[in-house]
Enquirer: 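Following this message is one structure expressed as structure tokens.
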Amino acid sequence: MSALPETAVPRWRDGLEQDYAPLVETLERLIPCMEVPLHLPWIDAINALKKERGAVIMAHSYQSPEIFHGVADITGDSLALAQAAADCDSDLIVLCGVHFMAESAKILAPHKTVLLPDLEAGCSLASSITAADVRALRAAHPGVPVVSYANTSAEVKAESDACCTSANAVQVVEAIAEETGSDRVIFLPDRYLGSWVATQTEVELVLWNGSCEVHETFTAQQVRHTRERFDTRVVAHPECPPEVLAEADFVGSTSAMGRWLAKERPGRVAMITECSMADNLRGQFPEIEFIKPCNLCPHMKRITLPNIHACLRDMRHEIHIAPDVIERARAALDRMLAVGRRERV
Ligand code: 13P
Ligand code: SF4
């Protein structure tokens with residue numbers, strides 16, 4: 001095992017740029033080109049360690065392009081990563097995303113080792129609610145089923161009837177309402193996603209007061225200004241406040257935004273969501289001009305090439321969850337996976 005300190009940069013080697021020629025071309029379009037040679041030795045060292053360990057690296061769409069394109073085997077929204085964790089045949093998963101995503105992987109693949117490069121990679125939504133809060137909500141609304149956004153801790157999932165992501169929130173709410181015969185559902189913790197879901201269904205929602213610290217900072221005035229100044233189409237994530245969503249041409253989850261672009265092929269688009277999402281989609285749609293909002297998620301950005309390297313080298317930081325929590329949280333996640341991805345775009 002290497003004795004390199006975490007900050008020691010792996011050495012440049014001859015042929016590196018040639019070996020990674022297609023990646024270099026992609027990255028030079030997405031990030032400042034001077035950064036590319038700085039990333040390549042890390043990418044090369046991570047790919048070597050990944051092979052040695054038989055690991056699979058999963059990266060959320062909000063990860064920086066050098067991670068998303070450079071080292072990830074599986075990329076996507078939180079639903080895609082959860083599905084992949086359940087399905088992949090590697091016993092070692094490195095989750096490049098935030099803590100709740102690594103927990104979902106562990107819950108769905110409890111016999112696998114799941115590593116998160118930085119345990120401090122949290123989420124303002126996940127930290128807005130505890131398992132005790134869910135029990136209190138249930139006591140206040142007896143018999144009303146609970147749907148939790150995947151952006152919650154394992155303990156909160158364990159108290160829930162079903163989980164959802166933004167890709168299937170409406171469908172999960174309707175499925176649970178039908179299954180339980182209830183015309184009300186407790187939906188937590190994102191009040192903005194919840195109020196958007198409420199506009200898409202007849203089911204009445206009881207909401208919690210959580211919010212995403214990244215999406216809640218967008219304003220309607222910013223969106224109006226962007227549209228007028230750049231004559232652009234606008235797509236927004238449903239974690240944004242309602243007045244922002246009202247200004248958008250399309251509201252949809254991480255994956256639905258990509259499908260909307262594929263269908264509509266706008267000449268220019270402003271993505272009202274996390275900034276790296278636009279970068280990564282720019283790689284996929286080179287003919288579309290992206291107006292970048294540049295709201296970065298500070299938690300997602302805790303994941304870096306050096307800490308992914310250290311994570312694989314030292315087998316850190318492993319996700320552990322109590323078996324009884326896994327069992328109960330799994331039932332809620334399985335219900336979400338059974339509904340799957342039935343978005344309207
Ligand atoms: P997705 O469920 O669309 O991947 O989003 C996760 C997230 O954290 C959005 O801010
Ligand atoms: Fe959480 Fe918002 Fe970051 Fe997504 S973007 S991980 S919801 S803080």
Side-chain angles (χ1 to χ4, degrees), residues 58-64 67-68 72 74-85 95-105 116-129 147-153 156-157 162-172 187-194 196-197 208-218 235-241 244-245 250-261 271-281 293-303 333 336-337 339-343 345:
M58 299 185 184
H60 187 262
S61 305
Y62 295 178
Q63 290 293 295
S64 307
I67 295 172
F68 188 91
I74 295 167
T75 55
D77 64 356
S78 60
L79 178 58
L81 300 187
Q83 283 166 328
L95 203 304
C96 300
V98 293
H99 194 265
F100 76 80
M101 295 176 182
E103 281 194 333
S104 292
L116 182 64
D118 185 336
L119 285 177
E120 299 296 312
C123 169
S124 64
L125 282 168
S127 58
S128 74
I129 189 159
V147 171
S148 291
Y149 197 23
N151 299 37
T152 47
S153 66
V156 165
K157 289 183 175 76
C163 293
C164 70
T165 72
S166 54
N168 58 14
V170 177
Q171 291 74 17
V172 171
F187 184 91
L188 52 90
D190 187 349
R191 66 179 185 274
Y192 293 137
L193 175 65
W196 178 75
V197 171
W208 185 250
N209 200 22
S211 59
C212 161
E213 68 186 80
V214 178
H215 291 89
E216 73 176 346
T217 60
F218 290 107
V235 299
H237 193 283
E239 286 170 11
C240 297
V244 170
L245 302 184
F250 175 70
V251 177
S253 70
T254 302
S255 52
M257 284 182 187
R259 285 198 302 281
W260 185 87
L261 292 180
M271 309 285 298
I272 309 301
T273 186
E274 211 269 355
C275 193
S276 293
M277 171 82 184
D279 285 330
N280 294 325
L281 282 171
C294 261
N295 269 8
L296 294 170
C297 172
H299 308 288
M300 289 279 180
K301 265 52 202 184
R302 293 189 82 99
I303 310 299
L333 277 172
M336 170 183 90
L337 294 180
V339 170
R341 194 185 287 282
R342 289 194 233 129
E343 289 176 279
V345 170

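Just follow the structure's listing: the first ligand is 1, and inside any ligand the first atom is 1.
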Enquirer: Nearest heavy-atom pair of Asn151 and Glu239: which atoms, and what distance?
Expert: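 Looks like ND2-OE2, 4.0 Å.
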Enquirer: Which of the atoms in ligand 1, numbered in the order shown and given with their element, are less than 4.0 Å from a heavy-atom of Glu239?
Expert: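 So the answer, numbered in order with elements, is 7 (C), 9 (C), 10 (O).
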Enquirer: Under 3.5 Å, N or O to N or O, is Tyr149 touching ligand 1 that way?
Expert: no
Enquirer: Considering only the protein, which heavy-atom contact is closest to atom 2 (O) of ligand 1, and what is its distance?
Expert: Ser78 OG, 2.6 Å
Enquirer: Could you tell me which atoms of ligand 1, counted from 1 in the order shown, lie closer than 4.0 angstrom to a heavy atom of His215?
Expert: 10 (O)
Enquirer: May I ask you to identify, for Asn151, whether its side chain, its backbone, both or neither come under 4.0 Å of ligand 1 on a heavy-atom basis?
Expert: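 The answer is the side chain.
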Enquirer: Considering Thr254, Asn168, Thr273 one by one, which has a heavy atom nearer to atom 1 (P) of ligand 1 than any of the others?
Expert: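 It is Thr254 whose heavy atom sits nearest to atom 1 (P) of ligand 1.
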Enquirer: I'd like to know if Cys212 contacts ligand 1, where contact means a heavy-atom distance under 4.0 Å to any ligand atom.
Expert: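 So Cys212 does not count as touching ligand 1.
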Enquirer: Using a cut-off of 2.8 Å, how many protein N, O or S atoms sit around atom 2 (Fe) of ligand 2?
Expert: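 Total protein N/O/S atoms under 2.8 Å from atom 2 (Fe) of ligand 2: 1.
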Enquirer: For ligand 1, find out whether one of its N or O atoms is nearer than 3.5 Å to an N or O atom of Ser253.
Expert: no
Enquirer: Of the side chain and backbone of His237, name the one, both, or neither that has a heavy atom under 4.0 Å from an atom of ligand 1.
Expert: side chain
Enquirer: Any chance the side chains of Ser253 and His237 put a donor and an acceptor closer than 3.5 Å?
Expert: no
Enquirer: Starting from atom 6 (C) of ligand 1, which protein heavy atom do you reach first, and at what distance in Å?
Expert: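 Result for atom 6 (C) of ligand 1: His60 NE2, 3.7 Å.
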